[in-house]
Amino acid sequence: MISPSLKPSVLLWILAILIPLTLITTYSLTVLLFHGIRRTVPYISDTIDFSPESCIGTFFISISAFLVFIIVFVKHFVIQNNINQNFNNEIVFNENENEKKKNRVIILNRISTFFGLICSICMHGVSSFQYHNASVVHSIFAASFFFTGFIYLFTQTYLDYKFSKLPKRILILRRQQYSKLYQHSIFFYLISFFYEFSKININFQFNTISQIEQLREYNENSALLISQ
């Protein structure tokens, strides 16, 4: 069995480098090629509106969206683990009520993760449909990105306050990001996951063909013994 591992903080490092580098590159090209910046502080949409910066922006922002997709999944399991630890260590007077409360929190975490995943898909949509080519589709994806992003940030901050043993400065930083929700807030919020992600590993397990065959034979023999 092959069992490689990966520190999820590596994903955050890649994202922390890729997003600013992409935006600096696309902004520089927009200015150099006189494609026009409509605002003093431009939106991301302004810097990926025309070719060639739109090609560069779409490519690298799509990669970033894929990274965000994975990061949201990893954070889901981090929160899930925190919830389990919290309820396992809690003194229980009413087991049924405690179980209902735990289930409600687990559902909230799933809903939060769902909105986080949709946010990453909308991020890909914003980069794929430039404003001057498809303004309506671009605007829908942009609005959805902020809406789902706000819900994700709000619910994750609540779950962190309740179930994560994070330093106060990290919690304050996250609350500030969702409370003002500018276009870069989601990016800074995700980067703050460094604290949790640096302490865990993602393990991957791959079985060889011979190991799969052995497992299959074992299961068949076990089934035969049970039937006898």
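Scored by the side-chain hydrogen bond (donor to acceptor under 3.5 Å, both in side chains) test, Thr155 finds Ser112 as partners (sequence neighbours excluded). With sequence neighbours excluded, the residues satisfying side-chain hydrogen bond (donor to acceptor under 3.5 Å, both in side chains) with Asn82 are Ser164. By the side-chain contact (heavy atoms from CB on, under 4.5 Å) test, Thr113 is found to be paired with Val72, His76, Asn109, Leu117, residues two or more places apart in sequence or in another chain being considered.
Placement of Leu18 and Ile24 in two distinct hydrophobic clusters is found when ILVMFWY residues are connected by side-chain heavy-atom separations under 4.5 Å, directly or transitively. Each of Leu21 and Trp13 belongs to its own hydrophobic cluster when Ile, Leu, Val, Met, Phe, Trp and Tyr are linked at side-chain heavy-atom distances under 4.5 angstrom. Two different hydrophobic clusters hold Ile140 and Phe147 under the rule that ILVMFWY side chains link at heavy-atom gaps under 4.5 Å. One hydrophobic cluster holds both Leu23 and Leu12 under the rule that ILVMFWY side chains link at heavy-atom gaps under 4.5 Å.
In this structure, CD1 in Ile56 is found 11.0 Å from CD1 in Ile61, a value given to the nearest 0.5 Å.
Classification of the Phe141-Phe129 ring pair by plane angle, with boundaries at 30° and 60°, yields parallel.
A side-chain donor-acceptor contact under 3.5 Å links Ser127 to the backbone of His124.
Proximity of Phe69 to Met123: side-chain heavy atoms (C-beta onward) are nowhere separated by under 4.5 Å.
Counting non-hydrogen atoms of other residues, nucleotides and ligands closer than 6.0 Å to OH of Tyr161 gives a total above 12.
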